[in-house]
Structure formats: C-alpha cells, structure tokens
Amino acid sequence: MCGEFQKAHEGDEVIVMGWVQSYRDLGGAVFLDIRDRTGLVQVVFDESSHQTAHAIADRVRAEWVVGIKGKVRSRGTNTNPNLPTGEVEILAQYIQVFNPAKTPPFAIEDGVDTAEEKRLEYRYLDLRRPEVQKNFIVRSKINQIVRNNLTSQGFLELETPFMVKYTPGGARNFLVPSRLNPGQFYALAESPQLYKQLFMISGMDRYFQIVKCFRDEDLRQDRQPEFTQIDLEMSFAEMEDIHRVMENVMRSIFREVLSTELPERFPVMSYDEAMTRFGSDKPDLRFGLEHTVLTELIRSHDGGGVPLFREVVASGGMVKAMRIPGRHNLSRTETDKLELEAKGVGAQGLGRAKVAEDGAWTQSPFAKVITEELRLAINQAVGAEPNDLILFQFGAPKLVHTVMSHLRLLLGRKLELIAKNEWKILWVVDFPLFEHDERTGRYVAAHHPFTSPRPEDVEKLTSDPKSVKARAYDLVLNGNEIAGGSIRIHDADVQAKAFEALGISEEERKAKFGFLLEALQYGAPPHAGIAAGMDRIAMLLSGAQSLRDVIPFPKTQRGTDLLTSAPTTVDAAQLQELCIKTTV
RNA sequence: GGGGUGGUAGUUAAGUUGGUUAUAACGCCGGCCUGUCACGCCGGAGGCCGCGGGUUCAAGUCCCGUCCACCCCGCCA
C-alpha cells in the first residue's frame, strides 16, 4: 500500500496501484506521486535506465489510475520530511495505465475550499480526499465499537422494517405507495420505536440496532432526512440502567477513537435548570455566559419604573439577562449586530445596559427611568461588575429562551470562549411530558405518547398535564443532542390517562397503536430505551462541520441529491400502476 | 412559511462614485529541463459576470423578480 513504504523496504521489488496525485516532469526524469487510501509514495521514472516506462509516465496526468512495478530505494539526501514515506521512493521498471482520467473539476487534496455545491455534484471525487475519507474511517470505527460494546453488554442486534404502518403525529413521514393495495401507503420508519417495544414483549430482553431512520422535515446543519440511529431497548430497566449502558458505549467510543477518557458517570441536569441557565435543553457547558431570570425580581419591584418591564411581567412574560464581562469590550457596533441577530430569530429588540463604576447604567434605554433599587438588585442578581454589558430579553418565555440561547452560542464562538478538544457531556432529565401546541390548542407528547410520567406525577396527568415531568432523558455533548430516550409506559391505566391528556380518542388509539396496546396486555415487562444519533456522534468526534461531512451521499438543504439529481418525476405509467395522480 | 450570507474562467477570488478590450492565482494545453516534491522557465487557450426583466447613451456594478447552495427561526429528537 502506498502510504506504508519505509526504509525497511529498501531493495524490495514491489507493485503499487493507485491514482496519480501529481506529476513533476523534469525532462529526463518524471516523478509521480501515487495515492491510495493509505497515503502517498513517490515513483521516479528514469529515461536513461527505463526508457519505455519513462515515455508512458511522460503522458500521465492527475487522477489517472495506474499500476507500477519497481524497486524501493533510498532517496539519499533528497528526502521529503512532509511525507510519511518521504525517505524512500520507487524506481519504476514498468507502468500500466489502467484508466486515464478527465481533469477533475477541483483538486483532489486536503484544504481546498471548493463550494459545497460542486463537492456534492462530484461527491465520488470529493470522497477521494484524505481529510474527507478520515471522517468515514472514524465512522466505520464507531460502528465496530458500538457493535462490540453492546454485544458484550448482552444486547442482541435485531432488525426492524423500514416500510411500516403510517401513524400521523410526530415527524412527517415519507410515504411508499403499495402497488398491491391501490390507494394505500406504507411509511418509511421515523424510528424503530414501536417494534423495539414489541421485542421487549417478545422476551428479547436487550435489543440494539444501528439503523436508518427517515423524517420528512426541514434540514439543518445537524439534520438530514435519512439518518442513522444507535437504537436500543432494555427490559426490567430503570433510567439508571440505560444511563450506565450508554455511558459505557460513549466511554469506549471516546477511548478508542480519541484516546480520551470520559467520566465514569455523566453529570445530570434537569430540563428546568438547563432552560433557566442556558435557555436550551441541550446546553453547551464549555463556556459561561449563563442567563439570569429576572421575572420575579422585577415583579417584586413592580417593574422598577420601566413600563416595558411592568407590562411583560404583568402579562405572564419572562425577563432574562445575560452578563458579558467587561474584558470582552464589546463595541457599540458589535452590540448593534447582536440586536440584528436577535431580531433574526424573532426578537422585537435587544435591551442593553453598560455598567459604570458606581453601578449606574449607560448606553441603555432603561437608564433614565429605572429605579436605583431595581437597578442595583439586577446588577447583583447577574453579578455585574463595572464595565460589564448586560443584555436583556423579555416576552413570551419560549421566545426569550430561543433568543438568549442563540445569542449565548453566538457570543461563545465570537469571543472564542470555547476551548478546542474539550468535551462536556451531560444528561438532561425531567423533561415535560407534554408540550402545548399553539395552533391546535392541544397538548402533544414532547417525546412520544408511550413515555412514562414520573411516578409522583401520575395523578397530575388529568388535573395539571403541563406540570407533569417525563421519565425521559437526553444525552448532550458540547451543546449537541446526541441521544434521547425514556422509560416506557407498561401500565394500561397510565397509558389510558396519557392518551386522555393528549386528547386521543379511544378509536384513534385503536386505529393508530391498537397492535401495541394489544401486545402490552400479553405480559409486557417494564422497559426503557434510548436512541443515539450516530451521524452526530461521528460528526463531533471527527471534528466535521456538518452532518453532510459524515454521510457519504448527503442531501442538500432542499432535500435534493446533487449527484444523482434525485428526486425526479416518474413515468406516467408507473404512477398509473400505483393509482397516483399528482396535482402539480 | 420567515430572516440572513453567497453565486464573476475548470477552481478560488478581485472588480472603485455605472464608463474602453472584465483582472489575478491555481489548474488546463504546447515547448524546454535528470533530483523534483507548491518543481522551474517560455508560450497559449479559456467568460451567458446564476437566470429573466427594468432604469440608463452605457449595467458584473443600480432596481424588481426568480433559481441554486449554505446558516438560522418555525418545524423536527
């Protein structure tokens, strides 16, 4: 293999096959760098000693595929310290051109800044680049580690269907028409959720699968329409058991891929605490800039002379502040930019106050009207010191969290507060079981409808649904949600109450989940599970910037494949056979 | 559905207050060169300035629309 030639091979007769990385034609001598997956090696063609080979090499160009027979020899004083194989070269005796190549649209080398559009159009060329291949080598490793680890923890690798029953709710489904059943459709599985619960009822005990899932939702840097989960489920398991299994998996991945030790047990934070301090249920703990909720403080001062504060608090809104230490010295212009960013994610504006030596506020719309008592109380609450900048956001809690969390991440990056090679992993627990859907006015399952409430909250399912906490947990790594799971309901009464709270009628339950509800009555063990985002884990561990960098053939943000140009229209005959009429 | 960034040779970019023939680097093609490795030297080709419309004597540049890629909100675990 190209990348493996060393001094020890001197004098060996060898054959190398690969792609021409570069050629340097000096007239009587031609140098070719030959590349394969393992690296580069220099081959020299000498006109005086091997005329035929030299004549062929003279015509060879970048990315041609060639095979070369020759002898390894020392480079003497002409070594190349930048190349692992730089102490030796191959003196070519014969060369065979397996295939010439068109000039590639971009150079096949690391560090190129070709537009992603072009890279995806010629993905097979992009994938030739070592730094791109590196990500997939990491990914392959993770696959092996997960299989070995979970198998050794007693899990069975079992498969579930991709073509499944359509159940609305949750993520949008991709549909697959059934030719044999005109007018009817399968859905591509959003996850193997229901099947893995059936496995538990089957006595499969411990199940895992590295499995593709499909969701027809809008794409993001960390979201693709088809993605891979490390999915597992365990019978007779409490939250603690799932955490230990997953911690074990993550520790082995980090140890073997990065030679990094994660803690034996991962820290745990409640959802409420995460939202309060960071405005996010996936807090990045690698830096500070924590939030302070001022709602109650302001209420106790009756708005402190600031009409806006008073109105917001009176109408059930929230006030949050974030302190930017004075050493960061944000300019007026930079703060204005922050306001634009805030508006970009839905804010009306961005309140601000610069703290003076005596604790007074300057550059602030509140400075003139706010009472000294409230001003000092706020300074104290956020821990403000002279020269600090305080940013404020007020309004509906959801929006306040979104805006402040967005600004926190933005500033964390901009102010370079995030250390390289630092890993902060934690569990976030005690999620609300339900979320209120603004449009329908109903409650919807925050996780999925089979998630168990905390035992102490069961009574509140009917009386006070929004205060019920779920026995659900997310694993968060450097501000990325990399896994999520829950204890499942195995009690028919509790399940009925949950459906009631969700406003799902008896009929609807039967139609959608009848098979599972039926199965739960045949001796279902208590069970729990979790699903981890394989792509996200691969992205974070390989240092990739986007999920697309760890998926060999990813989709664009509009869900298209620039290489094959999928999706496309299909033949009328095909549609007719499927009894499908399109309206576009 | 909404907010933002970008689109100029094969690639990456520059292009001023609108003004002659749209620049540069790398790559590509031809020639020379036996120790290069970002090889060097000489010469050359290469453009629907994303697309459509408008303003203007004149548009890469200004205006409107549209397409594509990316980032974010909504949506989605």
So what does A/F106 hit on the nucleic acid, given a heavy-atom distance under 4.0 Å: a base, only sugar-phosphate, or nothing?
nothing
Would a 4.5 Å heavy-atom cut-off, applied to side chains only, mark A/Q495 and A/F450 as touching?
yes
Go through the N and O atoms of the side chain of A/R75 and the base of B/rC37, and report whether any donor-acceptor pair is under 3.5 Å.
yes
Is the NZ or CZ atom of A/R61 both under 6.0 Å from the centre of the six-membered ring of A/Y23 and within 45° of that ring's axis?
yes
pair_partner(B/rC62), Watson-Crick or wobble, both distances < 3.5 Å, evaluates to B/rG54
Per the atom types in the model, does the base of B/rU12 pair as donor or acceptor with the side chain of A/D113 at under 3.5 Å?
no
Using OP1 and OP2 only, check whether a side-chain N or O of A/T556 sits under 4.0 Å from B/rC68.
no
Is A/R61 side chain donor-acceptor paired with the B/rG27 base, going by distance under 3.5 Å alone?
no
Between A/Q221 and B/rC72, is there a contact of a side-chain N or O with OP1 or OP2 at under 4.0 Å?
yes
Heavy-atom donor-acceptor pair, A/R548 side-chain to B/rC70 base, under 3.5 Å
no
Distance criterion of 3.5 Å, no angle test: do you see the side chain of A/R215 paired donor-to-acceptor with the base of B/rC76?
no
With a cut-off of less than 4.0 Å, is there a side-chain N or O of A/R558 near OP1 or OP2 of B/rC68?
yes
Base of B/rG30 paired with side chain of A/R59 (donor-acceptor, under 3.5 Å)
no
Base, sugar-phosphate, or nothing for A/K343, non-hydrogen atoms under 4.0 angstrom?
nothing
Quick one: the side chain of A/E217 and the base of B/rG74, do they pair up donor-acceptor inside 3.5 Å?
no
Just to be sure I understand the rule, does A/E481 reach a base, reach only the sugar-phosphate, or reach nothing, if contact means heavy atoms closer than 4.0 Å?
base
Where the side chain of A/Y23 is defined as all heavy atoms beyond and including C-beta, which of B/rA77, B/rC28, B/rU12 is the nearest nucleotide?
B/rC28
Mind running salt bridge (Lys or Arg N to Asp or Glu O under 4.0 Å) on A/R352 and A/E339 for me, showing each step along the way?
CA-CA 10 Å; A/R352 49 183 106 167; A/E339 177 157 8; 2.5 Å; yes
Identify whether any heavy atom of A/Q557 sits under 4.0 Å from a base atom; if not, whether one sits that close to sugar-phosphate; answer base, sugar-phosphate or nothing.
base
